[in-house]
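Note that ligands are numbered from 1 as they come in the structure, with each ligand's atoms numbered from 1 the same way.
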Amino acid sequence: MRTEVEKIVGAAAVDERPVRDLWPATTMAERAGQTPDRVLVVRPSGREQVAAILRWATANAVMVTPMGGASGVCGALAPKRGELVLDMGGLDRILEIDEVNLTCRVESGVNGMTLEKMLNEKGLTLGHYPSSLPGTTIGGLVSTRSSGQESSRYGSIEDMVLSLAVVLPDGTFAAPRPGPRSAVGPALHELWVGAEGALGVVLGAVLRVHRLPASVIGRGYSFSRLADGLEAMRHVMQAGIRPLVMRLYDHEDSVFNRYDVSDGECVLVIATVGEEEVAQAEANV
Ligand SMILES: Cc1cc2nc3c(=O)[nH]c(=O)nc-3n(C[C@H](O)[C@H](O)[C@H](O)COP(=O)(O)OP(=O)(O)OC[C@H]3O[C@@H](n4cnc5c(N)ncnc54)[C@H](O)[C@@H]3O)c2cc1C
C-alpha cells in the first residue's frame with residue numbers, strides 16, 4: 001500500500017504513525033497505555049493528488065479519513081491499521097482576500113488563526129472564534145459545522161461559507177460557483193458543511209469576512225441564578241441586539257475564570273460592537 005500511494009504523492013509526503021484527535025476517551029486510553037494503531041498518513045500538495053489518492057482508495061476499498069488540525073473532540077480521527085489518513089496541511093494557501101466584496105478564498109489546510117491574523121492586518125475578521133482556533137484548519141472548521149465565541153454576531157461557519165471546492169470519493173472535482181445568492185434550489189455546498197469527510201474531501205472555501213468593528217465595549221453582569229442569566233441572554237437576542245460575545249458562566253466556571261462573585265453567583269459577559277455610538281447604545285440597553 002505504501003508503495004502505491006508513494007507513486008501518487010512521492011515518498012517524502014508519506015509517513016506512518018499513530019493518529020488521533022483530542023477525543024477525551026482516546027486521550028485517557030492513551031494515558032492508560034493503549035497507543036492508537038500506526039497508519040499511513042499521506043500529505044497531498046494539490047487537487048490532482050487528492051483525486052488520485054481517492055480514486056486509488058475507492059478501487060482498492062481502503063478507508064480514507066481527511067485530517068485538518070486534529071483538534072476534534074468527538075473521535076472522528078480514529079483510523080485503524082490498513083486505513084489511510086489524508087493530512088490536508090499541505091494545501092495551505094490563502095489565495096485571495098477581496099477587501100471590496102468582503103470575501104476570502106482559501107485552501108482547506110489553512111490554519112484558522114493564521115487566516116484570522118492575515119485578515120486582521122487588513123482591518124478584517126472572519127468572526128469565527130472557537131477557542132481551539134489556533135489548532136484548526138478551514139477544512140476541519142467547515143467539516144465539523146463549527147461554532148465560535150462570536151457566533152451571536154457573525155453566526156457559525158455555515159453562515160460564512162459561500163462556496164466550497166471538493167473532491168468526491170470517486171475523484172470527481174466539484175466547485176459550485178460562488179455568487180451573492182441563487183434562486184435555483186438549495187446551495188449544494190451545504191452538503192459538505194458538517195459532513196466530517198464522509199462525502200468527500202474539502203479542498204478549499206470561499207468565505208464571507210467582515211470589517212473589524214470600530215469599537216468594542218465589554219461588560220460583566222452577575223446573576224444569583226443561572227436561569228436569570230439565560231433569560232437575559234434571550235432578551236438581548238430577541239431585542240435584535242447582536243453582541244460580539246455573550247457568554248454565561250455558571251458559578252463553578254465563574255470562580256474558575258477568577259471572576260469576583262459571591263456564593264452561588266453566575267457571570268454573564270457581553271461585548272457590544274460597531275461604531276462607537278452604536279456599541280455604546282447597545283451596551284446601555
Ligand atoms: C480546547 C478545544 C476547544 C474547542 N472549542 C470549540 C468551539 O468553541 N467550537 C467548536 O465548534 N469546536 C470546538 N472544538 C472542536 C474542534 O476544534 C473543531 O471541531 C474544529 O472545527 C476541528 O477542526 P480541525 O481542523 O482540527 O479538524 P480535525 O479534528 O482534523 O477533523 C475534524 C473532522 O473534519 C474532517 N475533516 C478535516 N479536514 C477535512 C477536509 N479538508 N475535508 C473533509 N473533511 C475534513 C475530519 O475527517 C474529521 O471528521 C474545540 C476543541 C478543543 C480541543
Task: Lys/Arg-Asp/Glu bridge criterion (N-O < 4.0 Å) met for Glu150, Arg153 - done: no
Open item on the list: Check whether Arg242 reaches the backbone of Met237 with its side chain - one donor and one acceptor, N or O, closer than 3.5 Å.
Closed with: yes
Task: Glu276 atom CD: more than 12 heavy-atom contacts under 6.0 Å - done: no
TODO: Could you check atom 51 (C) of ligand 1 against the protein and tell me its nearest heavy-atom contact, residue, atom and distance included?
DONE: Ser71 O, 3.3 Å
TODO: Give yes or no for whether the N/O distance cutoff of 3.5 Å, strictly under, is met between Val202 and ligand 1.
DONE: yes
Open item on the list: Check contact between Gly200 and ligand 1, using heavy atoms of the residue and a distance below 4.0 angstrom.
Closed with: yes
- [ ] For atom 27 (O) of ligand 1, find the nearest protein heavy atom and state the residue, atom name and distance (0.1 Å precision).
- [x] Gly140 CA, 3.4 Å
Open item on the list: What protein heavy atom lies closest to atom 3 (C) of ligand 1? Include the residue and the distance to one decimal.
Closed with: Ser131 OG, 3.4 Å
- [ ] Please could you name the atoms of ligand 1 that Gly139 approaches to less than 4.0 Å, counting only its heavy atoms?
- [x] 38 (N), 39 (C), 41 (N)
Open item on the list: Under 4.0 Å and counting heavy atoms only, is there anything from the protein next to atom 1 (C) of ligand 1?
Closed with: no
Task: atom 33 (C) of ligand 1 - nearest protein heavy atom and its distance - done: Glu196 OE1, 3.2 Å
TODO: With the side chain counted from C-beta on, respond yes when Val201 and Leu54 share a heavy-atom pair under 4.5 Å apart, and no when they do not.
DONE: yes
- [ ] Answer yes or no: is there an ion pair linking Lys80 with Glu83, defined by an N-O contact shorter than 4.0 Å?
- [x] no
- [ ] May I ask you to identify the nearest protein heavy atom to atom 46 (C) of ligand 1, giving residue, atom name and distance to one decimal place in Å?
- [x] Pro66 O, 3.1 Å
- [ ] Could you tell me the residue and atom name of the protein heavy atom closest to atom 13 (C) of ligand 1, and the distance to it rounded to 0.1 Å?
- [x] Ser132 OG, 3.7 Å
TODO: With heavy atoms under 4.0 Å as the rule, classify the contact between Leu22 and ligand 1 as side chain, backbone, both or neither.
DONE: side chain
Task: Ile97 side, atom CD1; Met118 side, atom CE - distance, nearest 0.5 Å - done: 6.0 Å
- [ ] Provide, to 0.1 Å, the distance between atom 34 (O) of ligand 1 and the closest protein heavy atom, together with that atom's residue and name.
- [x] Ser143 CB, 3.4 Å
Task: is_close_aromatic(His128, Tyr154), centroid dist under 6.0 Å - done: no
Task: Contact check, Ala70 vs ligand 1, heavy-atom distance below 4.0 Å - done: yes
Open item on the list: Under a 4.0 Å threshold between the charged nitrogen and the carboxylate oxygen, would Lys117 count as salt-bridged to Glu121?
Closed with: no
Open item on the list: Using a 3.5 Å distance criterion without hydrogens, assess whether the side chain of Asp37 forms a donor-acceptor pair with backbone atoms of Val39.
Closed with: no
